[in-house]
Amino acid sequence: MVEVLALIPDHLINPLISSISIITGAILGGIFSYIINKKSTGKAIETQSKIEKDKREYQEANKAIKLSENATIIRLDICTTLFQSLRMLKEFDSGNKITIYPVPMNFNYAKAIAALEKKLDLKELSYIYQLYVIIEKLHNDTKVYYYDEKHYTLIKEDYEMFIKKLYGSNFSKALCFDIDNVTYESLYNNEIIKPGYKNVLIKLHEITY
């Protein structure tokens, strides 16, 4: 290297050294910039991936919550109507005139049922709609009860219709439940309810937990 510099005129040595230093600095700067940019890009990609993962997890968790809410709405309506039907039919059978209470229901049930389309097949969704036809009729009939024999008989038939829809030929056995002590799960997870309704109600239970 010294021999090469000896061949170069003195007035060119300093500019040459400066040029070499500049080039070397530029090369080193480029290398360091590349390394830094690569690490920064990798970190950015990693951060973005984590954000996307967290977002997906949040969306999935939110979907599960919404499904649970919709299933709970449906279970509550069915549970309330079932308990009230069994209790009121026992009262009817006592032979005494009883007070008729309105049957509550959620009027957004169609939306709640539709939201379960990926969890239940069409036949299972149909089972729920069939129950709601009776629930809505009960709601309307009990809401306009006029304390006359006609409406009294009509509402009794509505209650019977709901129980028979679930238990079929085991209607009389369903009336043997101790309504003050039986759990909701025991009312559907048994051998006397129709299999189709049993399976649907079990699935609704699973969605909510």
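Throughout, numbering of the chain's residues begins at 1 and tracks the sequence. What you see is a predicted model, and the numbers here were worked out from it, not measured in a lab.
Taking the side chain as every heavy atom from C-beta outward, C79 and L82 never approach each other to under 4.5 Å. Two residues are said to be in side-chain contact when any heavy atoms from C-beta on lie closer than 4.5 Å; F177 and I192 meet this criterion. Put simply, the side chain of I163 reaches to within 4.5 Å of the side chain of L86, judged on heavy atoms. Side-chain contact between Q84 and R87 is absent, with no heavy atoms from C-beta onward closer than 4.5 Å. Here the side chains of K173 and Y167 are not in contact, with every heavy-atom distance at 4.5 Å or above. Two residues are said to be in side-chain contact when any heavy atoms from C-beta on lie closer than 4.5 Å; I179 and F83 meet this criterion. Contact check for K137 versus L154: side-chain heavy atoms found under the 4.5 Å cut-off. Counting heavy atoms from C-beta on, the side chains of T142 and D158 never come closer than 4.5 Å.
A side-chain donor-acceptor contact under 3.5 Å links Y132 and D77. For S126 and Q130, the side-chain atoms include at least one donor-acceptor pair closer than 3.5 Å.
Put simply, L131 and V133 are part of two different groups of oily side chains (I, L, V, M, F, W, Y) that touch within less than 4.5 Å, one to the next. Residues V182 and M88 are members of one and the same hydrophobic cluster, defined by side-chain heavy-atom contacts under 4.5 angstrom among Ile, Leu, Val, Met, Phe, Trp and Tyr.
Judged by the 6.0 Å and 45° rule, K164 forms a cation-pi pair with F171.
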Go through H205 and Y184 one step at a time and tell me if the side-chain contact (heavy atoms from CB on, under 4.5 Å) criterion holds. CA-CA 10 Å; H205 172 81; Y184 173 55; over 6 Å; no

Show the numbers, then the answer: is there a side-chain contact (heavy atoms from CB on, under 4.5 Å) between H139 and F107? CA-CA 11 Å; H139 171 79; F107 290 99; 3.2 Å; yes

Does the side-chain contact (heavy atoms from CB on, under 4.5 Å) test come out yes or no for Y188 and R75, once each step is laid out? CA-CA 11 Å; Y188 66 78; R75 293 181 78 230; 3.9 Å; yes

Worked verdict on V103 versus T80 for side-chain contact (heavy atoms from CB on, under 4.5 Å): CA-CA 8 Å; V103 174; T80 302; 5.5 Å; no

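Across all non-hydrogen atoms, the minimal contact from M105 to I135 is CB-CG2, 4.0 Å. The shortest non-hydrogen separation linking I113 to Y129 is CG2-CE1, 3.5 Å. Scanning both residues, K165 and I134, for their nearest heavy atoms gives CB-CD1, 3.8 Å. Scanning all heavy atoms of the two residues, the minimum distance from L67 to A115 falls at CD2-O, 3.2 Å. When all heavy atoms are compared, the tightest approach of Y127 to G196 is CE1-CA, 3.8 Å. Taking all atoms of both residues into account, the shortest heavy-atom contact from I193 to L187 is CD1-O, 4.1 Å.
The residue from K198, K118, K203 that alone fulfils the salt bridge (Lys or Arg N to Asp or Glu O under 4.0 Å) condition with E124 is K203.
Using modelled atom types, one side-chain atom of N140 and one backbone atom of E136 make a donor-acceptor pair closer than 3.5 Å. No donor-acceptor distance shorter than 3.5 angstrom exists from the side chain of S68 to the backbone of A64, with no hydrogens or angles considered.
Residue D141 holds its CG atom at 15.0 Å from OH of Y152, rounded to the nearest 0.5 Å. Remark: T81 OG1 to L166 CG distance equals 9.5 Å, nearest 0.5 Å.
The pair E206-K119 fails the salt-bridge criterion, with no side-chain N (NZ, NE, NH1 or NH2) lying under 4.0 Å from an Asp/Glu carboxylate O.
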